[in-house]
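All chains are named by letter (A, B, ...) in the order of the sequence lines, taking the proteins before the strands, and each is independently numbered beginning at 1.
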Amino acid sequence: MSLSTRYTPQEIESKWYQHWLDQRYFHSEPDDREPFTVVIPPPNVTGVLHMGHMLNNTIQDILIRKARQDGKNACWVPGTDHASIATEAKVVHLLREQGIRKSDIGREAFLQHAFEWKEKYGGIILDQLKRLGASCDWQRTRFTMEPSLSAAVVRVFVDLHRQGRIYRGLRMTNWDPEAKTVLSNEEVIYGEENAQLFHLRYPLEGDPSQGIVIATQRPETIMADVAVAVHPEDERYQHLIGKMVLIPLIDRAIPIIADEYVERDFGTGALKITPAHDQNDYAIGQRYNLPVIDILTEDGKLNEQAQILVGEDRFIARKKIRKLLEESGHLIKLEDYRTKIGRSERTKAVVEPRLTLQWFVEMKQFAHSALEAVRSGEVVFYPEHFWNMYNSWLNEDNVRDWCISRQLWWGQRIPAWYLANEKMGEESHIFVADTADEALAQAQEKTGNPTLEITDLRQEEDVVDTWFSSWLWPISVFDGFQSQKELEYYYPTSVLVTGWDIMFFWVARMIMSGYEWAPALIPEAVKAKGAMPFKGVYFTGMVRDNLRRKMSKSLGNSPDALALLDNYGADGVRFGMLSSAAAGNDIIFDAPIGKDGVLNESKLCEQGRNFCNKMWNALRLIKGWEVSEQAPDTETAQVNQLAATWMEHKLNQTLAQVEGMFIDYRLSEALMTLYKFIWDDFCSWYLEMIKPTYGAPIDRPTLQQSISLFERMMTLLQPFMPFVTEEIWHQLSERAAGNDCVISSYPKSTSFDANFIENIERAKDIVAGVRDVRNNNGLKQKELLRVFAQDTPTSQALLAVDGLLPMVVKMASLEFLQITNAEISNGVAFLVGNEKYYVELEKAIDVVEERQRLQKELEYYQGFVKSVQNKLNNEKFVSGAPAEVVNKEKQKLADGEMKIKNLEEELGKLG
RNA sequence: GGGUGAUUAGCUCAGUUGGUUUAGAGCGCUGCUUUGACAGAGCAGAGGUCACAGGUUCGAGUCCUGUAUCGCUCACCA
């Protein structure tokens with residue numbers, strides 16, 4: 001025997017992965033088969049494999065491998081996302097360590113560094129996916145910033161701009177006055193700090209005896225006020241609505257308006273509106289068409305617009321204006337107050353809300369098509385309930401225009417040009433075009449100045465949001481904007497597998513872009529197959545730790561994915577990931593440490609590894625048998641035949657279940673079903689049934705039958721656990737080149753005899769009954785027992801099934817099993833169905849213990865019968881329930897009563 | 001506060017349109033088993049009033065309403 005007693009995944013996995021690549025099994029070209037297409041959610045180039053990747057890529061791989069075995073043209077397109085913010089931050093950090101500042105080296109040099117970095121580290125995560133077994137078509141690997149995909153970004157930008165659906169507008173952004181840059185929301189850290197709430201009185205214009213008191217934390221911004229707002233139903237202020245009040249110190253008149261945004265209970269119930277310096281005030285200002293007065297400079301000082309304290313820093317100004325307000329009698333009250341203040345992650349400066357010019361995509365039309373796609377069922381969500389979240393994001397009340405500009409360098413630069421002599425932020429001409437030359441031509445025409453040169457233009461500094469490139473992914477990975485040949489074949493893709501956290505950022509936007517551009521690019525294909533980018537979306541849960549936090553590197557709470565692969569093998573990890581991952585439910589992977597000090601997460605992978613080992617040892621058993629060309633004795637032949645027939649039925653039954661589960665994407669259930677079939681039915685029962693006595697040979701037909709079964713099981717399991725199945729496939733018999741498990745065709749279920757399966761289940765109950773008696777009476781396995789079956793038509797029929805009786809004798813280690821009417825003098829009884837079986841004991845029966853056992857069982861059935869009787873005594877049930885259900889209950893009652901009778905008889909015998 | 005999901009065995013979770021015995025799995029636990037494929041194993045066992053309260057129904061873990069607890073998510077009070 002050359003096979004080691006344990007399955008060792010390491011060499012086996014790399015061996016077969018390389019083999020599959022050599023055979024180009026994962027490569028796809030359009031042909032006349034039905035396509036099954038999946039595009040990977042491109043991981044960040046900066047990424048390293050974490051649990052979330054392992055989960056959703058395992059699922060994608062299972063679907064792709066299954067489709068491949070189903071004879072479809074399976075195509076899984078891998079790739080990476082340039083992830084502008086994350087990557088730029090990483091490269092900036094790296095350069096800083098070398099003493100290089102981004103601003104010193106300029107855009108070109110910075111991008112060169114960034115690309116070098118990407119070349120060096122960008123592929124790591126894809127190599128890690130290979131270790132997991134991902135059967136991607138690596139020849140198709142794409143990157144969101146490669147030329148073709150970038151060209152697509154520029155093209156759709158120009159297209160939308162031409163249609164007037166991209167515009168430049170003001171937006172409140174997080175401004176870092178120290179770094180003089182816009183921050184993304186993620187770069188702002190909020191914390192509670194002490195502050196003061198100023199109550200200021202604004203006198204009524206023309207009647208200083210009246211006025212209104214507002215509360216503010218930022219008295220230095222009152223010069224930027226454009227209104228005072230109160231709640232429309234606030235009785236205190238009804239008489240003031242519509243009147244004008246004067247801003248203290250500068251006496252500018254502003255209106256009092258009514259808006260439901262105002263909380264009556266907070267502060268004084270009156271709110272100053274300062275659109276330039278507050279997010280919400282800006283929104284209110286928009287609603288009422290109020291002007292915007294910006295009184296701050298880009299480094300946080302008061303400007304000329306403020307009229308007073310010009311040139312003072314905002315915090316100095318706050319102190320000074322307090323004094324001024326006190327002196328002028330406008331400061332009514334000052335209270336201490338805890339509030340949340342946002343600071344820049346990097347400079348720690350208090351972030352200033354600031355209006356800046358940004359680029360936007362109009363969302364109304366897009367949102368409508370995206371909602372319709374899912375509402376109509378053209379795109380199906382698994383699980384369905386995610387529709388609610390999707391709907392609430394995208395409905396007209398909530399959808400907001402998409403700000404697509406980012407103040408970064410790493411990304412696709414916005415294809416807009418300005419006249420170089422116009423001041424930044426105040427450009428009056430904008431030329432949007434695919435290339436600088438086209439922009440120049442536009443500029444010459446629009447300005448009527450044919451002598452303009454390229455140097456007279458200045459390109460927009462900002463790049464587009466990363467999602468503005470990844471929303472084209474299902475089209476652009478097939479170079480769909482350049483040539484439609486592949487797109488026509490592969491589009492729409494079959495299913496998208498991703499986490500629900502990016503439902504809005506990515507999933508919804510891909511749907512939008514699909515419906516926007518696919519109809520124009522591939523009209524015929526869209527007519528036949530639809531415009532959606534994918535037919536289904538499988539939302540995986542978030543992988544969280546035991547505190548239910550998302551796993552992330554910054555928290556350091558993610559288990560080392562590669563270490564898991566090393567310890568348990570890819571198949572073990574795939575099993576572990578899947579076994580607790582129902583679609584959409586978050587999975588807690590880093591569960592509390594158990595008693596034995598082992599993490600539960602590892603336990604799941606351990607179970608997967610043990611499963612590999614179990615199959616491996618089943619293989620060793622079969623390979624260890626000597627083969628005999630002689631037919632075995634009749635009884636053995638009968639048992640073998642019975643076992644074989646049973647397994648064929650059972651296999652088809654299992655297959656039918658698994659087929660249904662695949663259709664519903666119930667992958668973990670499908671895996672569990674196969675697990676139980678292989679471990680319990682095949683290993684624990686079938687192999688034990690046919691196993692020759694020690695040292696004896698096995699007959700060839702039975703061996704062949706077993707190998708054939710094993711082979712089919714490997715085919716069924718291959719999508720889930722590709723490596724161990726491939727290895728066993730090849731260990732089972734010599735294979736011609738190209739005969740590999742990975743491409744073996746997935747069988748379709750045929751009919752099966754449920755009755756036959758049921759008979760075997762009864763026989764297994766007899767065996768279990770005998771084992772129980774052994775356990776309770778301390779009888780050794782080797783001790784052959786005599787068992788008697790009560791003579792009834794049912795037991796007659798059961799034991800008459802060919803081979804069943806000798807099978808039970810073998811499995812339960814019996815001397816014999818006989819049907820009899822006679823009293824068994826020293827027999828311990830157990831029930832199988834309604835039939836009594838007796839195990840004859842040599843020694844005296846422990847009457848007390850036996851009574852207890854029977855009594856307990858009796859009580860159970862008495863309770864059971866009572867509940868059934870209650871049901872049947874209920875008029876309404878008998879008349880209301882379908883006859884089928886009532887009959888079932890009657891049968892249950894009869895069975896229960898029979899069991900009670902039998903148990904009472906046995907108790908009676910014990911005296 | 002809005003939205004959304006969860007609450008089933010010690011732990012992690014299934015339970016698919018309400019009706020196969022008064023609910024299942026894996027791990028853990030308890031007992032037994034060790035020259036015989038596998039101790040990364042085998043056999044058996046214990047363990048749950050399905051969060052709580054109502055309601056609909058002949059029948060509810062499953063549907064409805066409310067409550068509690070926990071989570072996620074969006075918006076956050078000048």
statement: Checking rA37(B), rA44(B), rU22(B) against the side chain of N775(A) (C-beta onward), the nearest is rA44(B)

message: Quick one about K272(A) and T221(A) (side-chain donor to acceptor, distance below 3.5 Å, no hydrogens or angles considered), yes or no?
response: yes

task: Could you please name the option among rG26(B), rC32(B), rC58(B) that lies closest to any side-chain atom of Y675(A)?
output: rG26(B)

task: For nucleotides rG18(B) and rC50(B), find the distance between their C1' atoms and express it as a whole number of Å.
output: 15 Å

message: Once you apply a heavy-atom cut-off of 4.0 Å, does S879(A) come out as touching a base, just sugar-phosphate, or nothing?
response: nothing

field: Pairing partner of rG1(B) (Watson-Crick or G-U wobble, both distances under 3.5 Å)
entry: rC74(B)

message: A quick test of your reading: do over 12 heavy atoms of other residues, nucleotides or ligands sit less than 6.0 Å from CD of E849(A)?
response: no

- request: Tell me what K892(A) touches on the nucleic acid: a base, only sugar-phosphate, or nothing, going by heavy atoms under 4.0 Å.
  value: sugar-phosphate

query: Of all the choices, rA46(B), rU20(B), rC76(B), which nucleotide is nearest to the side chain of K888(A) once you look at every atom?
result: rU20(B)

- prompt: Does the side chain of W625(A) come within less than 4.5 Å of P692(A)'s, by heavy atoms?
  reply: yes

query: Can you find a side chain N or O atom of R609(A) that sits less than 4.0 Å from OP1 or OP2 on rG40(B)?
result: no

task: Could you tell me whether the phosphate oxygens of rC43(B), OP1 or OP2, come under 4.0 Å of any side-chain nitrogen or oxygen in S684(A)?
output: yes

message: Both distances below 3.5 Å, Watson-Crick or wobble geometry, any strand: find the nucleotide opposite rG45(B).
response: rC29(B)

- request: Using the P atoms only, state how far rU65(B) lies from rC77(B), rounded to an integer number of Å.
  value: 33 Å

message: Quick check: W393(A) with F504(A) (ring centres under 6.0 Å apart)?
response: yes

statement: Among the nucleotides rA44(B), rG36(B), rC77(B), whichever has the atom closest to the side chain of E263(A) is rC77(B)

message: Under 3.5 Å for both donor-acceptor distances, Watson-Crick or wobble: does rA14(B) have a partner, and if so which one?
response: none

Pair partner, rC50(B) [Watson-Crick or wobble, under 3.5 Å]: none

task: Name the nucleic acid region contacted by K691(A), choosing base, sugar-phosphate or nothing; use a 4.0 angstrom heavy-atom cut-off, strictly under.
output: base

query: N388(A) near the nucleic acid: base, sugar-phosphate alone, or nothing, with a heavy-atom cut-off under 4.0 Å?
result: sugar-phosphate

task: Could you tell me whether the phosphate oxygens of rG15(B), OP1 or OP2, come under 4.0 Å of any side-chain nitrogen or oxygen in R666(A)?
output: yes

- prompt: Reckon M389(A) touches a base, only the sugar-phosphate, or nothing at all at heavy-atom distances under 4.0 Å?
  reply: nothing

statement: The nucleotide from rC38(B), rA44(B), rA46(B) with an atom nearest the side chain of K856(A) is rA46(B)

- request: Remember a base hit wins even if backbone is also touched, and classify C612(A) as base, sugar-phosphate or nothing at under 4.0 Å, heavy atoms.
  value: nothing

query: For W679(A), which contact category applies under a 4.0 Å heavy-atom criterion: base, sugar-phosphate, or nothing?
result: sugar-phosphate

message: Any carboxylate oxygen within less than 4.0 angstrom of a Lys/Arg side-chain nitrogen, looking at E850(A) and R853(A)?
response: yes

query: Base, sugar-phosphate, or nothing for K272(A), non-hydrogen atoms under 4.0 angstrom?
result: nothing

- request: Counting heavy atoms from C-beta on, name the nucleotide in rG26(B), rG36(B), rU22(B) closest to the side chain of K782(A).
  value: rG36(B)

- request: Identify whether any heavy atom of E884(A) sits under 4.0 Å from a base atom; if not, whether one sits that close to sugar-phosphate; answer base, sugar-phosphate or nothing.
  value: nothing

- request: Give W616(A) one of three labels, base, sugar-phosphate or nothing, depending on what nucleic acid heavy atoms sit under 4.0 Å from its own.
  value: nothing

message: Just so I know, are the side chains of I273(A) and V228(A) near enough to count as touching, which here means a heavy-atom distance under 4.5 Å?
response: no

- request: Output, in order, the C-alpha distance, side-chain angles, deciding distance and verdict of side chain to side chain contact (heavy atoms under 4.5 Å, CB included) for M223(A) and I321(A).
  value: CA-CA 11 Å; M223(A) 291 80 80; I321(A) 204 168; 3.7 Å; yes

query: From the list rU16(B), rC76(B), rC38(B), which nucleotide is the closest neighbour of the side chain of D664(A)?
result: rU16(B)

field: Nearest-angstrom distance, C1' atom, rG15(B) to rC76(B)
entry: 39 Å

- prompt: When you measure from the side chain of S392(A), which nucleotide among rA23(B), rA14(B), rG3(B) comes out closest?
  reply: rG3(B)

- prompt: Between the base of rA75(B) and the side chain of Q279(A), is there a donor-acceptor distance below 3.5 Å?
  reply: no

- request: Counting Watson-Crick and G-U wobble pairs only, both distances under 3.5 Å, name the nucleotide matched with rU7(B), or none.
  value: rA68(B)

statement: Paired to rC63(B) by Watson-Crick or G-U wobble criteria (both distances under 3.5 Å) is rG55(B)

query: When you compare rG26(B) with rG40(B), how far apart are their C1' atoms, in angstrom units rounded to a whole number?
result: 15 Å

message: I'd like the P distance from rG24(B) over to rG71(B), given in whole Å.
response: 32 Å

query: Does K603(A) put a side-chain nitrogen or oxygen below 4.0 Å from OP1 or OP2 of rG26(B)?
result: no

query: What's the closest nucleotide to the N610(A) side chain, out of rG36(B), rU22(B), rG40(B)?
result: rG40(B)

message: Is there a side-chain contact between N617(A) and the phosphate of rG40(B), meaning an N or O under 4.0 Å from OP1 or OP2?
response: no

message: Regarding Y686(A) and S706(A), do their side chains bring together a donor and an acceptor under 3.5 Å, going by distance alone?
response: yes

Distance between P atoms of rA46(B) and rG31(B) (Å, rounded): 15 Å

- prompt: NA contact type, D278(A), heavy-atom cut-off 4.0 Å: base, sugar-phosphate, or nothing?
  reply: nothing

- request: In whole angstrom, give me the gap between the C1' atoms of rU7(B) and rC11(B).
  value: 15 Å

Selection from rG40(B), rU22(B), rC77(B) that lies nearest to any side-chain heavy atom of Y261(A): rC77(B)

- request: Provide the Watson-Crick or G-U wobble partner of rG36(B), both distances under 3.5 Å; none if there is no partner.
  value: none

query: Within less than 4.0 Å of OP1 or OP2 of rG42(B), is there a side-chain N or O belonging to K614(A)?
result: yes

